[in-house]
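Notes for the one structure printed next.
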Amino acid sequence: MSRSQPEPVRETLNFDERIVLEHWSHRNTSVKDYWASHSATLERFEEFWASVAKELEWFKPFSKVMEPGEYPNVYKWFVGGKLNMSYLCLDRHVKSWRKNKVAIVWEGEPVKDSGEPLEVRVLTYYDMWRYVNRVAYVMKEKLGLKKGDRVAFYMPMVPELPVLMLAAARIGVTFTQVFSGFSAEALASRISDLGARYVFTTDGYYRRGKILRTKEITDDAVKTCPTVEKIILIRRVGQTETPIDPAKHTYLDDLLADVSPTAYVPPEEMDSTDILYVIYTSGTTGKPKGIIHDTGGYAVILHATMKWVFDIKDEDIYWCTADIGWVTGHSYIVFGPLMSGASIIMYEGAPDYPAPDRWWSIIERYGVTIFYTSPTAVRAFMRMGAGYVTRHDLSTLRLIHSVGEPINPAAWKWLFELVGGGRCPVGSTWWMTETGGILISHTPGLMLVPLKPGTNGPPIPGVEVDVVDEDGKPVPNGVKGYLIVKRPWPGMPGPPTGMLGDPERYNLVYFSRFRYFFTGDYAIKDGDGYVWVLGRSDEVLKVAGHRIGTYELESALVSHPYVAESAVVGAPDDVKGEVPIAYVVLKSDAPHTPQIRDELRRWIRERIGAIAEPKSIFIVSKLPKTRSGKIMRRIMRALATGKPIGDVTTLEDEAAVEEVKIAYEALLKEIGEGGRS
Ligand code: 6R9
């Protein structure tokens, strides 16, 4: 934990600026009243969560709200209850008037010169239910998948991705969805860790007018994955770069060809504590962690937050701009909104393709009412100018949230004023891959306390958080500390082990520092009890909202034959929040050519993916370390950002000061000679 001051939010935070939306008067609540009702939910904690859970349809009711699982700090939620996520997202609606309601409006990326969409697919709840049943039939009867089996999806943003997720959920097959921008190596490590029997991917997809080759990357990945029996291909671009090998590949289309249009596969009665999916996320070691999400607790946190945070109504057109490869897309594109019976928008491509107004044209085209996006996207659009936004009619919008990283007040105000026309509550929902759903946010669907530009707001009902110092003692208001979650919550990492196959690491990462769940974030609490998350306190970066571990990058770099040592730190970036900066010590026999940096960039893209590419790579002769060999990242961060290295006497190991100074001089000399890339 050697990072000092996280800096994604570099504007001054104003804890006292309060914005009250008059027309939200049916929900407007004073801070005092919010906390009074919040305390009541904690006082009758189990009763409260039971009442929320009972709003869902259970095949069999739960007998106990929560109990400890077999491993420390893993809890079983809604014990004894049976349910099925695919049933909750589809069958329940199909039995109601929502049967013919639009579930998904999907827009493909390619557009004609006129700017009109080439491809729009509209799927009603009934269409989705039919499609999911047929795919579940294929999975079960043709691929021989049964409850507890594991599959991996390496899918871009096409409607087949939610279909696959729901089909797996229907028959109790555990899936992992790997972000389609990850490399073959990153995909392979996830497939192997899960032990997937099949990988589902597309023949390719469109991004900024190009075709990206998911099939070929998957072919590469499975070379090192002996558990994979076959690659199932979903047609998207209608061509592959390399040939189809019938022993290795099958098109989903072909498997579906003789399946009855009315095929029905009964939803498996899943225990509340059964695994729904595993999602890999970055931590402070080189190896991504497979976080387990259960069925019942996860369904409950999504149900609750769709109502409280998004105020979801049947009339809404809901758009979350995330990629389903990240947890935000799992929870708030697929499972949460479909459980709510909402009509959702899904967009395949890049936000600025073919022009920077693509997103705003989508909002206008479909009359989006609820918009969930990221601070990085907002900051990127801010740079492009207001004209792209104002040329579209966004008056249908009624509620906006952001997620993924701290939102700086200027970006908040841009969303609030320019996009939301000053009408819409705008929030910054705090949560993590591990939390499954939103834990800290304004709740305009329940009670709305005054908004403040840049805050996350108070924790949602039934969730207790605090900001503490090194010793775990609450810090005074206005003082920076560590964000912890003080009680278990539905949606937390699920049984049996929290982290797949690694209960020790689960406990080490989240529960060894404090008695409570440690989020890894720095935060401040203001006088109203609102939380202001400042950024990560550990070696995890949020690059454009994407979570990347510096150790993942370092291990990728040192695996290059020329690299002896490397250290990666985050540096603030005006658009992406933060970006990785790499310091590299080359082996003595490595060629010291200017091309080496390009080579290392290519290497990172191939090992992890383009999102992890360092902004700058410094070639240095040694890294500043303490005598005990610990890399002094704070100093490296200062160097990377051209800031003074600060008071070195405050470093943990004062004996290292001289050494650091020497290393610093050496670095400056090197940088002076080698230059930045
Ligand atoms: C959902 C998601 C989790 C980390 C988290 C924190 C940062 C997420 C935030 C936020 C400030 C917000 N984070 N939302 N920071 N304000 N509204 O992003 O999950 O990828 O696991 O990242 O993201 O640092 O610890 P994940």
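Just so you know, ligand 1 is whichever comes first in the structure, and atom 1 is the first atom listed for that ligand. Just so it is clear, the values below take in all heavy atoms, side chains as well, and ignore hydrogens, waters and symmetry mates. Since we're looking at a predicted model, the values are computed, not measured.
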**Asked** Hey, is E554 close enough to R633 for a salt bridge, meaning N to O under 4.0 Å?
**Response** yes
**Prompt:** Are side-chain heavy atoms of E539 and T285 found at a separation under 4.5 Å?
**Reply:** no
**Asked** Listing by chain and number, which residues have a heavy atom under 4.0 Å from ligand 1?
**Response** V327, T328, V403, G404, E405, P406, S428, T429, W430, W431, M432, T433, N456, D521, V533, R536, K542, R547
Would you please say whether a donor-acceptor pair under 3.5 Å links the side chains of [X] and [Y]?
X	Y	value
T373	T321	yes
D274	T295	no
D526	W532	yes

**Prompt:** Stepwise, does the side chain to side chain donor-acceptor pair (under 3.5 Å) test hold for T433 with Y280?
**Reply:** CA-CA 8 Å; T433 301; Y280 289 85; over 6 Å; no
